[in-house]
Protein chains: 2
Amino acid sequence: MANSTPTGDSRPTEPKTLVESAYRALRRDIIEGNLAPGEKLRVEHLKDNYGVGAGTLREALSLLISDALVVSQGQRGFRVAPVSLEDFEDITKTRVMLECDALRQSITMGDDAWEADLLAAFHRLTKAEEKRIGTDDREEWEERNRIFHEVLISACPSRWLKHFLSILYQQAERYRRLSLYLQPIPRDIHAEHEALMQAAMTRDTDKATAILGEHILLTFQSIQLIPKDQLNEKLAA
Amino acid sequence: MANSTPTGDSRPTEPKTLVESAYRALRRDIIEGNLAPGEKLRVEHLKDNYGVGAGTLREALSLLISDALVVSQGQRGFRVAPVSLEDFEDITKTRVMLECDALRQSITMGDDAWEADLLAAFHRLTKAEEKRIGTDDREEWEERNRIFHEVLISACPSRWLKHFLSILYQQAERYRRLSLYLQPIPRDIHAEHEALMQAAMTRDTDKATAILGEHILLTFQSIQLIPKDQLNEKLAA
DNA sequence: TATCTTAAAAATCTCGAGAAAAAGTATTGA
DNA sequence: TCAATACTTTTTCTCGAGATTTTTAAGATA
């Protein structure tokens with residue numbers, strides 16, 4: 001795998017081995033919901049779908065355990081990690097705590113280059129939002145949104161904090177996608193991002209963390225508004 | 001593997017497969033320092049040592065990446081995760097933040113059963129300390145120390161927080177063992193534990209978290225006192 | 001009908017051998 | 001002596017097949 005550092009970011013640059021290709025493809029399918037929560041992952045079936053051998057696929061699945069996207073059990077194979085409202089709430093709250101702390105440090109430590117990166121990331125995100133209006137190009141927006149959040153805390157010196165946050169972000173993205181069908185877009189996410197960037201650029205730490213905390217929390221609360229029967233239909237697997 | 005929950009504790013109960021046995025043996029050897037930091041992990045050699053096939057060993061190594069005890073790189077195999085003073089400092093600071101927060105929640109939520117567990121864990125730890133005086137039974141003390149810290153925060157409802165903390169604890173233990181030869185035992189750890197337990201039992205949250213924070217920080221500061229040349233000898237690999 | 005036992009089917013887990021890549025060594029030339 | 005190239009060796013990566021274990025299904029008994 002390319003991401004070799006112990007606390008390094010979980011996004012390798014380029015897949016050099018079949019294990020990594022399979023790892024990526026599986027991760028994508030789990031996050032996007034093509035592989036349903038709780039679904040059994042039969043190696044013999046999947047190896048054909050992803051065009052690799054059984055051993056290679058097993059190794060890719062082992063890697064996905066790190067990301068808590070796959071779970072395994074004794075002699076009973078692999079499964080897609082289940083989902084629950086409690087889990088999403090836990091992810092959200094933990095993320096609020098860690099990401100706000102990381103942002104605080106990042107604002108303190110960030111230099112001119114960081115400001116430039118942040119401005120650029122926000123610009124790219126804005127462009128993706130404009131482009132997205134007509135088309136359904138969700139992927140590009142997702143990627144740029146992730147990068148925006150990543151750049152925000154990039155000046156934080158703690159590798160471990162950033163490592164944990166990349167895992168939590170990935171988890172949150174999965175839940176966000178599962179809830180997308182039910183809840184379109186009632187929020188003005190662009191405005192939230194802009195206010196967040198402004199506060200960060202002007203080094204208003206308290207304001208920035210307050211906005212960020214609310215921003216993350218809202219993604220959780222929006223799913224709670226959904227009628228319970230519809231929700232369970234999605235979550236149960 | 002037995003630990004199947006996405007955010008579950010990273011200590012399975014019993015190894016049911018060869019992959020898991022190899023995973024445990026390797027983890028133990030890395031934490032105890034039998035496999036040196038940065039050392040290359042050649043599958044062809046190791047498979048004989050651990051008595052498993054190449055594929056099985058690769059899978060075990062993949063699992064160790066989750067714990068950040070092993071790193072891998074493209075087509076260049078696996079290595080024991082390197083160590084550095086900066087990394088240990090990062091681990092310590094992150095752990096202080098997370099573990100204090102978890103303790104705060106645990107004290108708030110903990111019921112009678114939690115108090116009983118805590119008292120029992122402290123008692124077992126004390127017994128291990130007494131027994132340890134003559135003999136060199138480090139392992140039992142290590143295990144009970146881990147459990148004591150685990151029970152302290154067990155009433156915290158956040159699985160993710162506890163999951164991250166179990167990873168950080170494991171990392172810290174590795175550094176602690178590496179530094180053991182250089183720095184015997186200048187601290188009265190028993191007194192620290194006792195004060196910590198007392199504060200937790202009387203629900204004095206501020207005092208408890210203060211003690212815990214100091215307690216964790218001290219394990220880092222004790223390694224810093226070591227002469228630099230000796231330290232690099234240990235850390236460089 | 002429900003439960004326990006027994007047998008077939010499917011899936012997981014494991015190993016060894018072959019292809020691809022990297023690391024190391026020797027040779028050649030200036 | 002040094003650098004670059006070609007060759008050899010080692011190691012990683014990958015696949016397919018066999019041994020265990022779990023799951024499913026059928027049959028028998030109360």
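Just so it is clear: chains get the letters A, B, ... in the order the sequence lines come, proteins before strands, and each one is counted from 1. Just the heavy atoms: all of them, side chains too, but no hydrogens, waters or symmetry mates, feed the values below.
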From CG of A:L63 across to P of D:dC13 the rounded distance in Å is 11 Å

Side chain to side chain contact (heavy atoms under 4.5 Å, CB included) with B:I216: of B:L168, B:I91, B:V96, only one passes, and it is B:V96

Discussion item. Over 60° means perpendicular and under 30° means parallel, so tell me whether B:F88 and B:F220 are parallel, tilted or perpendicular.
Written reply: perpendicular

For B:S158, the side-chain contact (heavy atoms from CB on, under 4.5 Å) test, sequence neighbours excluded, returns A:D90, A:T94, B:C156, B:W160, B:L161

Protein heavy-atom contacts under 4.0 Å, written 5' to 3' over nucleotides 14-19 of chain C as B (base), S (sugar-phosphate only) or - (none), form the string BS----

Out of D:dT12, C:dA11, D:dT11, minimum distance to the side chain of B:V43 belongs to D:dT12

Side-chain N or O of B:R76 closer than 4.0 Å to phosphate OP1/OP2 of D:dT12
no

Check your understanding: Just to confirm, is there a sub-4.0 Å distance from OP1 or OP2 of C:dA11 to any side-chain nitrogen or oxygen of A:H45?
Key -> yes

Checking D:dT22, D:dT12, C:dA11 against the side chain of A:R42 (C-beta onward), the nearest is C:dA11

For A:Y23 and A:L64, what are the C-alpha separation, side-chain angles and deciding distance, and is it a side chain to side chain contact (heavy atoms under 4.5 Å, CB included)?
-> CA-CA 7 Å; A:Y23 164 72; A:L64 282 164; 3.6 Å; yes

B:E140 meets the side chain to side chain donor-acceptor pair (under 3.5 Å) criterion, sequence neighbours left out, with B:K131, B:R144

- Query: Does NZ belonging to B:K40 count more than 12 external heavy atoms closer than 6.0 Å?
  - Reply: yes

